[in-house]
Structures are given as C-alpha cells and as structure tokens.
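Here the structure is laid out as structure tokens; the discussion comes afterwards.
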Amino acid sequence: MTFRRTVLKQDLVKKLYPDSISIRSALQLLRNEIDLCPELKERISRAGHMRKHTYNFEQLRLILEHFSLTPEDYNQL
C-alpha cells in the first residue's frame with residue numbers, strides 16, 4: 001500500500017480514536033498523548049516541520065510506532 005506524502009491530522013485521529021465524540025476531542029487526545037511523552041514530541045519535531053494540519057510520512061511512522069501499530073495495521077483501521 002502506498003502512502004501520500006502527508007497525512008491530515010483529522011484523518012489520523014479518526015482512525016486512532018474512533019469512539020471519540022468529535023474530531024476536536026480526538027485531536028486533543030492525540031496532543032495530550034504526544035505531550036505526555038517528551039521523547040516522542042522531540043522525535044516528531046526532528047522528523048520535519050510541524051505543520052498545522054498535516055504530518056509527513058516520517059512523523060506518522062513515529063506516532064504509529066508509539067501506538068505499537070504498523071502501517072498495514074493503520075490502513076486496516
């Protein structure tokens with residue numbers, strides 16, 4: 001399966017937090033998860049520019065690794 005160059009944060013949280021009440025609350029849950037792990041936060045910032053609405057492929061890989069997911073698992077969500 002091929003990936004686009006960037007992934008919308010909204011699309012990511014829809015898959016990671018499917019039971020969330022809204023997209024905003026799911027985004028907040030992801031921000032809280034990243035803030036709780038300073039190492040992950042730094043690795044994401046080193047992987048590329050922190051854009052407002054998207055993650056690049058390397059940042060996505062780091063987040064999925066943090067959640068113990070492979071790209072194939074992510075595609076099946």
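Under the rule for a salt bridge (charged side-chain N to carboxylate O under 4.0 Å, His left out), the partners of Arg43 that lie at least two apart in sequence or sit in another chain are Glu39, Glu65.
The hydrophobic cluster containing Ile21 does not contain Leu27, counting ILVMFWY residues as joined when their side-chain heavy atoms lie under 4.5 angstrom apart, directly or transitively. The cluster map of Ile, Leu, Val, Met, Phe, Trp and Tyr, joined by side-chain heavy atoms under 4.5 Å apart, puts Ile63 and Leu36 in different clusters.
Within a 6.0 Å sphere centred on CD of Gln10, other residues, nucleotides and ligands contribute 12 heavy atoms or fewer.
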From CA spacing to verdict: side-chain contact (heavy atoms from CB on, under 4.5 Å), Lys15, Asp11 = CA-CA 7 Å; Lys15 290 185 175 190; Asp11 294 340; over 6 Å; no

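Minimum heavy-atom separation, Pro71 to Leu64: CA-CD1, 4.2 Å. Nearest heavy atom pair, residue Ser20 against residue Ala26, reads OG-N, 3.2 Å. Minimum heavy-atom separation, Tyr55 to Leu60: CB-N, 4.4 Å. When all heavy atoms are compared, the tightest approach of Leu16 to Phe67 is CD1-CE1, 3.9 Å.
With Gln59 contributing its side chain and Gly48 its backbone, the two residues share a donor-acceptor pair below 3.5 Å.
Among residues at least two apart or in separate chains, salt bridge (charged side-chain N to carboxylate O under 4.0 Å, His left out) pairs with a member in residues 26-35 are Asp35-Lys41.
Considering CD1 of Ile34 and CD of Glu42, their distance stands at 14.0 Å, rounded to 0.5 Å. In this structure, CG on Leu12 lies 11.5 Å from OG1 on Thr54, to the nearest 0.5 angstrom. Here the SG-CG distance, from Cys37 to Asn32, works out to 13.0 Å after rounding to the nearest 0.5 Å. For the atom pair His49 NE2 and Asn56 CG, the distance stands at 10.5 Å (nearest 0.5 Å).
Between Val7 and Tyr74, the closest side-chain pair of non-hydrogen atoms falls below 4.5 Å.
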